[in-house]
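Values reported hereafter were calculated over all heavy atoms of this structure, with side chains retained and with hydrogens, waters and symmetry mates removed. Residue numbers start at 1 and run along the sequence shown. Both ligands and their constituent atoms are indexed starting at 1 by order of listing.
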Amino acid sequence: MDESDKETKFSLPTGFLLGAASAAHQVEGDNFNNDWWHAEQEGKLPRSGKVADHYNRYEEDFLLAKNIGLNAMRISIEWSRIEPVQGRWDATAIEHYRKVLKKMKELGLTRMVTLHHFTLPQWLAESGGLATDNGVGAFARFAWFVAQNLGDEVDLWCTINEPEVYASMGYRNGVWPPFKRGTLSVINIVRKLVAAHNQAYATIKEVLPEAKVGMAKNNVHYEPFRKTNFLDRLIVRIVRYFGNNYILEKTKNHSDFIGLNYYFYNRLKFDWHRGVVEMNRNFEKLANTTEEPRSEMGWRTFPEGIYHLLLDLKKYDKPIYITENGIANARDDMRQDFIRQHLQWTAKAIDEGADVKGYFYWTLTDTYEWHDGFGPKFGLVEVNFETQERKVRDSANIFRNL
Ligand code: BGC
């Protein structure tokens with residue numbers, strides 16, 4: 001899309017959700033019963049501390065969301081707060097999340113709730129996490145418990161956030177807890193995450209037959225580096241299947257909607273010596289090129305990719321929510337175009353039959369960005385982590401003007 005498309009008019013269906021997404025550990029602060037916190041204390045990851053103190057400031061944050069013009073929020077519930085010790089459910093934590101969810105409703109925000117957004121209670125991490133059948137069972141019980149105790153305050157359920165990102169960061173690249181590196185361990189965790197989603201789906205439905213349950217799947221838009229090269233095209237087909245579609249295929253009978261997290265695209269090249277080369281991941285080498293816009297994460301932005309991914313998801317014949325899409329941009333000079341262009345391409349996909357029901361920008365306030373700590377700034381709202389002062393970024397005005 002070029003400059004002239006900036007002002008192109010587009011319309012979104014009535015009732016379309018425009019929201020922001022967040023995750024407990026990235027904003028709440030003091031989540032000291034989870035595996036991330038423990039790894040942080042061991043010096044393996046940057047410390048999150050109080051982060052944006054959202055645990056105490058949720059009211060202020062949701063009010064900002066509403067004033068920005070949003071009508072929905074996706075939050076996550078921190079399992080380690082609800083079940084700090086195996087089998088011991090914490091009434092105070094449940095009460096807290098009930099207040100949080102009620103406040104969202106009061107402000108007219110549709111509520112999507114994620115049950116697993118990368119963190120685990122430490123007791124579970126110590127006994128093998130979600131990589132064991134016991135872990136899968138524990139997750140299903142947690143889902144059941146939340147459905148029983150908070151179900152009347154949840155509009156949309158998201159079981160697991162980005163299963164294959166979790167699997168590759170924690171079990172292949174060894175960068176996130178539990179810091180494993182191995183092909184077998186990654187295959188095992190993917191299978192267990194599929195089982196965890198499917199079982200959680202079933203237990204939520206047991207309690208709330210009408211609940212709308214899905215997962216947030218991070219899909220990448222892949223293209224062959226050399227458009228007409230047979231091998232480049234072949235690897236794109238293979239990587240697309242395993243990266244984007246495999247988990248969706250395994251969970252489609254236990255999903256009421258598809259959640260799509262879209263951040264970047266990748267051009268794949270087959271090289272006889274190096275195998276599959278991801279041309280857009282070569283960040284350092286390309287960091288100083290100006291050929292395409294690039295976020296502070298080093299990711300190239302490519303709004304058109306969301307259109308192709310949405311059309312691909314049509315085959316599942318289910319409603320789709322864009323559960324995350326965002327850009328790290330402290331200077332705030334790219335964010336508004338980024339959002340507008342992604343929404344324009346989304347509107348085009350809707351015109352062509354994709355049943356997209358909503359869009360959640362990542363994220364409302366600046367956050368703790370996992371192993372990147374406090375560097376990248378994704379927020380519609382800037383946070384001064386020393387004083388906890390919030391300041392709405394100019395780009396956030398786009399939602400009011402839409
Ligand atoms: C994750 C978020 C993360 C964002 C930006 C997504 O993969 O769900 O937790 O902050 O990407 O990196």
| query | Do Asn218 and Tyr262 have a side chain donor and acceptor closer than 3.5 Å? | reply | no
| query | In terms of atom number and element, which parts of ligand 1 are under 4.0 angstrom from non-hydrogen atoms of His117? | reply | 1 (C), 2 (C), 8 (O), 9 (O)
| task | Pull out every atom of ligand 1 sitting under 4.0 Å from any heavy atom of Glu369, numbered as shown with elements. | result | 3 (C), 5 (C), 10 (O), 12 (O)
| query | Do you see a donor-acceptor pair shorter than 3.5 Å between the side chains of Asp312 and Asn245? | reply | yes
| message | Are Trp36 and Phe118 an aromatic pair, judged by ring center distance below 6.0 Å? | response | no
| Looking at Phe16 versus Tyr359, is the centre-to-centre ring distance below 6.0 Å? | no
| Which bit of Asn161 is near ligand 1, meaning a heavy atom under 4.0 Å away: side chain, backbone, both or neither? | side chain
| query | Please state which protein non-hydrogen atom is closest to atom 1 (C) of ligand 1 and give its distance, to 0.1 Å? | reply | Glu324 OE1, 3.3 Å
| request: List the closest protein heavy-atom neighbour of atom 7 (O) of ligand 1: residue, atom name, distance to the nearest 0.1 Å. | output: Glu162 OE1, 2.5 Å
| Should the pair Arg240 and Tyr246 be classed as cation-pi, given the thresholds of under 6.0 Å to the six-membered ring centre and 45° from the axis? | no
| remark: Heavy-atom proximity to atom 11 (O) of ligand 1, picking from Tyr263, Trp362, Phe118, points to Tyr263
